[in-house]
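These notes are about the structure you will find just below.
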Amino acid sequence: MTLGRRQKCCAALMLIVGVAWASGAQAKTAEELTVALDTIWVVLTASLVFFMNLGFALVESGFCRAKNTVNILSKNFIVFAISCLAFYLFGWGLMFGNGSPVVGLEGLFMLGGSDNSPATGDAYMGAYKSIAWTGVPLYAKFFFQLVFAGTAATIVSGAVAERIKYLSFIIFSFCLVAFVYPITGHWIWGGGWLATAGFWDFAGSTVVHSVGGWAALAGVIVLGPRLGKYAADGTVHPMPAHSMTSGVIGCFVLWLGWFGFNPGSTMASDPNAIAHVFMTTNTAAFMALLSATALNWMWDGKPDLGMSVNGCLAGLVAITAPCAFVTVNAALIIGLLAGLIVVCAVKLCDAVKIDDPVGAIPVHLFNGVFGTICVGLFAVDKITGAATGNGLFTGGGATLLIAQLQGIAAVGVYTLAASFVFLYAIKMLVGLRVSKDEEEEGLDIGEHGQVAYTGFTGSSYNA
Amino acid sequence: MTLGRRQKCCAALMLIVGVAWASGAQAKTAEELTVALDTIWVVLTASLVFFMNLGFALVESGFCRAKNTVNILSKNFIVFAISCLAFYLFGWGLMFGNGSPVVGLEGLFMLGGSDNSPATGDAYMGAYKSIAWTGVPLYAKFFFQLVFAGTAATIVSGAVAERIKYLSFIIFSFCLVAFVYPITGHWIWGGGWLATAGFWDFAGSTVVHSVGGWAALAGVIVLGPRLGKYAADGTVHPMPAHSMTSGVIGCFVLWLGWFGFNPGSTMASDPNAIAHVFMTTNTAAFMALLSATALNWMWDGKPDLGMSVNGCLAGLVAITAPCAFVTVNAALIIGLLAGLIVVCAVKLCDAVKIDDPVGAIPVHLFNGVFGTICVGLFAVDKITGAATGNGLFTGGGATLLIAQLQGIAAVGVYTLAASFVFLYAIKMLVGLRVSKDEEEEGLDIGEHGQVAYTGFTGSSYNA
Amino acid sequence: MTLGRRQKCCAALMLIVGVAWASGAQAKTAEELTVALDTIWVVLTASLVFFMNLGFALVESGFCRAKNTVNILSKNFIVFAISCLAFYLFGWGLMFGNGSPVVGLEGLFMLGGSDNSPATGDAYMGAYKSIAWTGVPLYAKFFFQLVFAGTAATIVSGAVAERIKYLSFIIFSFCLVAFVYPITGHWIWGGGWLATAGFWDFAGSTVVHSVGGWAALAGVIVLGPRLGKYAADGTVHPMPAHSMTSGVIGCFVLWLGWFGFNPGSTMASDPNAIAHVFMTTNTAAFMALLSATALNWMWDGKPDLGMSVNGCLAGLVAITAPCAFVTVNAALIIGLLAGLIVVCAVKLCDAVKIDDPVGAIPVHLFNGVFGTICVGLFAVDKITGAATGNGLFTGGGATLLIAQLQGIAAVGVYTLAASFVFLYAIKMLVGLRVSKDEEEEGLDIGEHGQVAYTGFTGSSYNA
């Protein structure tokens with residue numbers, strides 16, 4: 001049999017498509033494969049971000065005292081659940097619903113809007129157009145954004161630890177994820193006024209980390225320091241970590257989780273962007289770990305493991321906004337500076353009597369702000385596709401930097417204000433802080449009626 | 001040069017296919033890509049399920065006393081190894097081999113049957129037709145099913161903890177995975193009589209969790225309660241967890257693992273099903289965590305962290321069967337009820353003196369059964385593709401519910417009976433329970449000659 | 001409207017390609033999908049390998065004494081950071097740069113060479129031809145290889161624990177990853193003389209594990225045993241693990257990480273190879289766990305959990321080289337033998353007073369060598385594609401075995417020699433070992449001025 005060119009063309013076509021049926025497999029089309037691959041990427045990276053809840057639970061409980069361990073673990077455990085409820089009921093719609101530049105107004109309640117995901121761009125006809133740039137099913141979008149919302153809430157947990165009432169913390173977390181986080185999130189990722197103003201935050205140095213950090217700051221201010229932390233004569237009483245093992249497990253889990261957080265924010269299987277973001281993320285993390293350790297070593301004479309941990313986390317927070325917009329060598333510099341900033345910020349907080357038991361404010365607020373600024377300094381236009389324009393140090397002038405500063409200020413003002421409102425309301429309604437006796441004895445007994453550890457001194461260990 | 005339409009057509013074709021050679025890359029065909037993507041999905045989710053072994057090890061050891069920690073960790077560590085051996089030697093073939101409605105009869109030993117995976121459907125010519133609906137290599141199918149089999153065995157570990165002999169537990173685990181789990185598994189996932197009867201269990205509320213739960217119940221009955229747990233006057237002596245940190249790490253690891261367990265059970269890169277199952281799984285988990293915490297808080301006056309953990313796990317177990325068959329709002333209700341059920345079941349077990357140190361029976365048996373029933377109540381036909389028909393509350397009448405109840409009963413009777421047979425045989429041959437002296441002193445010394453923790457009271461900590 | 005055949009052909013084409021636009025999604029071509037899928041596979045498995053840093057940190061700190069926990073955690077934490085810096089500055093280029101059979105000479109510094117990844121084979125025009133067989137972006141290649149380099153360095157940490165100075169360890173790690181690991185790596189994976197000589201190591205029994213093991217051996221020899229470990233009369237003083245919980249968490253994390261380490265070394269989404277490597281890897285691990293437990297049980301009378309852990313790790317190390325070259329049943333035998341070897345090697349080390357607190361040498365050196373030999377014994381030509389030829393037991397004669405032995409010897413001689421040079425240089429410049437007083441008191445106080453645990457005996461636990 002001889003085939004004409006036309007037939008050959010069709011035969012070649014069969015080679016690509018037809019073989020699927022030959023073997024009985026249900027081969028997908030290129031578009032179906034793209035959607036499937038993107039979805040798998042999104043849900044697996046979301047799972048890594050989910051796992052960060054464990055990281056926060058361990059860094060926070062490990063860095064605090066044994067007598068408050070059950071309480072801190074409980075807070076970090078239930079905060080994700082309450083965030084899920086809040087984001088499902090209200091947060092998602094306010095953040096991603098079609099609406100005004102200030103807030104989402106469509107599909108507000110329980111994912112109730114129309115939707116034809118995974119259609120993208122102009123083909124998307126639903127209530128959540130601002131996130132229609134990613135071609136995955138609605139539930140994959142939601143789940144990915146859900147674990148980010150949960151992160152913001154869990155950041156607060158560490159700063160207010162060892163003195164906040166369990167119930168009050170639960171209520172505040174609900175309010176934060178339902179009504180605070182999604183508003184500023186809408187401004188930036190929901191197609192709101194900051195997005196329009198040219199503000200860029202790839203994976204959430206501002207949207208997630210500084211929002212958590214501002215809320216943490218509000219919490220610490222309203223609550224005041226822990227009993228005995230700052231003496232009347234101005235000396236600072238160190239309250240040592242009860243388990244550095246917990247702290248280090250937590251940090252490694254967070255570092256791993258960030259490989260979901262940052263690269264996953266592509267929300268698509270773009271190999272160049274993914275590889276790039278892996279590199280910038282890891283580079284900033286290791287450099288910040290090294291620079292924080294070195295500065296702390298020189299400053300205090302010995303390398304404190306807790307500072308190494310917070311250095312690493314500081315680098316990760318700082319690179320979160322710029323990870324897809326800057327070069328690897330810029331990430332090296334960003335990490336180096338983030339490590340120095342966190343050490344100074346820890347000292348500064350103690351100097352002004354901001355009692356943040358785990359360093360959440362130095363890590364998430366200071367470096368969330370710093371990382372957002374870095375976009376304005378180091379951004380390289382379209383380095384992985386996004387048309388950010390260039391930053392101040394990369395030939396773009398101050399335009400981008402100004403937009404970043406504007407966004408930082410707006411988010412800070414709103415988040416602080418809203419947090420204060422909710423915190424004072426809760427304080428009036430149910431109280432915020434446990435009693436002095438309970439704080440002395442530990443919140444584990446007072447709030448939960450149980451202790452975290454038993455038997456570590458049992459007779460069997462003398463055998 | 002001008003091209004005719006024919007040439008243009010072929011040129012367009014080259015654009016899709018040909019570029020592969022142009023750049024030297026070995027581009028895959030659509031079918032190859034589908035198989036590759038499905039395989040990666042299966043092995044990565046299987047890895048998450050594998051990791052659940054750590055979750056179980058930590059929840060179980062954390063919830064028990066320090067003096068039995070080495071023993072519990074050892075049990076949870078070796079049980080996966082022995083499950084691997086048992087499933088490789090016997091379990092896989094009995095479960096998935098072509099055979100009768102009751103048991104697999106082909107390719108029984110060491111994956112010895114013929115196989116032409118990843119061919120699917122009618123194109124598949126091998127010994128394991130019941131699992132030929134997924135187009136991945138045989139070893140990927142085996143590994144995914146292996147980690148599920150391991151889960152069933154590890155569930156038993158917690159219930160029989162603090163009193164079972166190490167050797168006896170190893171032998172029982174081998175028997176369970178070699179000869180008990182695969183039989184009922186064949187009925188449901190191996191194309192056996194329950195599958196034919198219209199019984200549906202997407203990811204194993206019955207196949208995995210209730211089987212583990214029934215075996216755990218048999219073990220607890222044969223072993224009896226721990227020394228001192230129930231006083232003669234009927235009072236229950238609480239035996240507190242030795243490390244809530246272990247318990248919470250374990251729960252987060254399990255929750256993460258469930259994102260492999262349930263969505264991975266698609267065993268194919270179906271984006272809609274995957275996203276749907278992620279949502280239902282997470283929704284049931286967080287609602288159960290909240291409802292169990294709330295009920296326990298109201299009942300006992302304070303929120304117990306252990307109950308929050310078991311609530312979360314209860315929701316995950318309950319949604320395992322229906323996760324691909326019900327809506328997200330049904331998952332919300334299922335989770336809410338699962339959390340209430342587990343609190344009541346814990347109270348019930350103590351009331352009838354079933355001493356289950358970690359709550360394995362309330363979590364895996366009660367909620368495994370409950371979740372399986374929920375398919376009969378809430379299923380929506382073809383919501384992610386499977387033709388389950390509708391459930392009782394979704395307009396389908398009682399047909400599906402009756403099939404589910406039939407399956408629950410059949411699996412319960414067989415698993416209990418077979419477990420009793422093996423347990424009594426082991427009791428006669430090597431004994432089941434350690435001596436009273438050993439139980440008092442702790443199994444770490446008695447069974448392993450070592451202790452889990454040293455130096456937590458060392459002088460350096462007074463420095 | 002009627003369509004001619006030509007038009008139909010084009011219409012069919014549209015069905016594959018065109019639908020992308022119809023729905024607004026940006027469908028990828030087959031080649032783009034291949035690159036995207038391969039990249040996702042590489043970065044996700046690399047993330048699992050990254051997570052192994054936590055595994056090593058916990059196995060090593062858990063198996064040592066509480067008073068050295070902060071120090072060991074610090075070492076395992078910073079060693080990855082310093083490895084990243086060393087590999088970025090020097091290691092990558094020396095290992096994968098185009099060059100002589102002995103060392104890379106192009107693109108040496110900070111990934112500075114030209115590159116047109118993901119082009120592969122002859123289409124690749126850059127400075128790193130030896131790794132151009134994988135079609136992923138340069139940064140994905142780098143990140144994957146980076147986490148492997150970090151593993152080699154972290155292996156040393158355990159062997160030299162409880163007596164090495166923090167600063168000295170950091171310097172040595174930098175030298176190892178910058179100048180030792182990449183040289184032998186170039187010989188094998190960088191297209192060097194051992195690759196040419198027919199030496200095969202799929203995922204690094206030699207490249208990673210035995211290199212770490214040889215360096216660890218050098219460190220132990222130069223440092224000498226811990227104070228009090230070996231009495232003058234030859235008796236061995238056991239120094240018990242401070243937390244078996246840490247040890248077991250670490251081992252499970254490592255086992256999980258190995259599902260990145262070995263299958264990920266395909267660096268491509270080859271479903272058959274991936275599924276095969278998953279099976280061989282898991283099979284060797286579980287068999288080694290069982291055989292080490294059994295031998296230790298018979299030898300010492302009771303099953304030691306630490307030996308089960310090291311047995312499992314031994315199986316994983318041993319299967320790392322041959323995992324893609326041998327059958328599953330060969331993996332079963334390799335695992336069985338690896339478990340026996342590690343038990344004997346632990347006894348041997350104590351007999352010759354090699355004080356390796358965590359068993360790094362028995363696990364990584366003995367079984368790294370053993371696994372590399374196994375390629376020469378059990379390899380099956382092209383079982384997953386690689387033309388290894390057959391091994392001694394599989395009909396290929398001694399050719400392959402001799403090549404393997406040659407490689408083992410060459411890598412051992414170079415790594416030992418180079419390690420000694422760096423260790424003695426560091427000893428002269430800054431000293432290697434802490435003072436006797438510091439070693440007695442614990443390195444946590446001496447090196448870091450902090451303790452790992454506080455409050456485990458606090459009054460709240462008597463409540």
Side-chain angles (χ1 to χ4, degrees), chain A residues 5-6 9 12-13 16-17 19-20 23-30 33 35-37 39-40 43-44 47 50-51 53-54 57-58 61 69-70 73-74 77-78 80-82 84-85 118 136-137 139-140 142-143 166 243 246 249 447-458 460-461 463, chain B residues 6 9-10 13 16-17 29-31 33-35 37 41 44 48 65-67 118-124 135 240-245 248-249 251-253 256 259 263 269-272 274-276 278-279 282-283 286 289-290 293 302-305 308 441-442 444-445 451 453-454 456-457:
Chain A
R5 289 187 67 172
R6 201 160 54 194
C9 180
L13 197 78
I16 328 167
V17 193
V19 282
S23 75
Q26 298 152 307
K28 294 181 163 72
T29 65
L33 278 163
V35 173
L37 183 56
T39 302
I40 283 177
V43 295
L44 288 177
S47 298
F50 160 81
F51 204 44
N53 283 288
L54 172 61
L58 291 177
S61 64
T69 302
V70 169
L73 293 172
S74 294
F77 188 46
I78 208 162
F80 180 66
I82 208 76
C84 286
L85 188 65
V136 297
Y139 285 162
F142 177 83
F143 186 69
Y166 188 49
S243 172
S246 285
I249 299 176
E447 297 288 287
H448 305 275
Q450 58 184 151
V451 294
Y453 306 106
T454 63
F456 279 74
T457 56
S460 65
Y461 297 103
Chain B
R6 201 162 52 194
C9 180
C10 288
L13 196 77
I16 328 167
V17 194
T29 65
E31 189 194 12
L33 279 164
T34 304
V35 172
L37 184 55
W41 174 245
L44 288 177
L48 291 179
R65 290 166 293 178
K67 65 183 177 183
T120 58
D122 291 343
Y124 179 78
H242 95 277
S243 172
M244 290 311 298
T245 295
V248 168
I249 300 176
C251 185
F252 272 119
V253 168
L256 174 71
F259 292 141
S269 54
D270 175 343
N272 288 316
I274 288 170
H276 186 91
F278 257 90
M279 271 298 279
N282 191 63
T283 300
F286 84 72
L289 193 171
L290 292 175
T293 304
K302 290 190 175 178
D304 181 279
L305 178 51
S308 299
E441 190 188 30
D444 289 5
I445 298 290
V451 295
Y453 306 106
T454 64
F456 279 73
T457 57

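All chains are named by letter (A, B, ...) in the order of the sequence lines, taking the proteins before the strands, and each is independently numbered beginning at 1.
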Chain B contacts, top residue of Phe50(A), Phe142(A), Phe143(A) (heavy-atom pairs, under 4.5 Å): Phe50(A)
Max heavy-atom pair count under 4.5 Å with chain B, selected residue of Ala140(A), Gly449(A), Cys84(A): Cys84(A)
Whether His276(B) and Tyr139(A) hold their rings parallel, tilted or perpendicular, with breakpoints at 30° and 60°: tilted
Phe80(A) side chain near Phe286(B) side chain, heavy-atom distance below 4.5 Å: no
Partner chain A: residue of Ile249(B), Ile274(B), Asn272(B) with the largest heavy-atom pair count (under 4.5 Å): Ile249(B)
Selection from Ser308(B), Ala275(B), Pro271(B), Gly442(B) maximising heavy-atom pairs under 4.5 Å formed with chain A: Pro271(B)
Proximal component of Leu256(B), with respect to chain A [non-hydrogen, under 4.5 Å]: both
Atom group of Asp304(B) that falls short of 4.5 Å from chain A, counting heavy atoms: both
Donor-acceptor pair, side chain of Gln450(A) and main chain of Leu305(B), under 3.5 angstrom: yes
Under 3.5 Å donor-acceptor, Thr454(A) side chain and Ala241(B) backbone: yes
Residues that Ala57(A) engages under side-chain contact (heavy atoms from CB on, under 4.5 Å), provided they are two or more places apart: Leu73(A), Asn76(A), Phe252(B)
side-chain contact (heavy atoms from CB on, under 4.5 Å) partners for Ser243(A), two or more places apart: Thr245(A), Ser246(A), Tyr453(C)
Contact class of Leu58(A) relative to chain B, heavy atoms under 4.5 angstrom: side chain
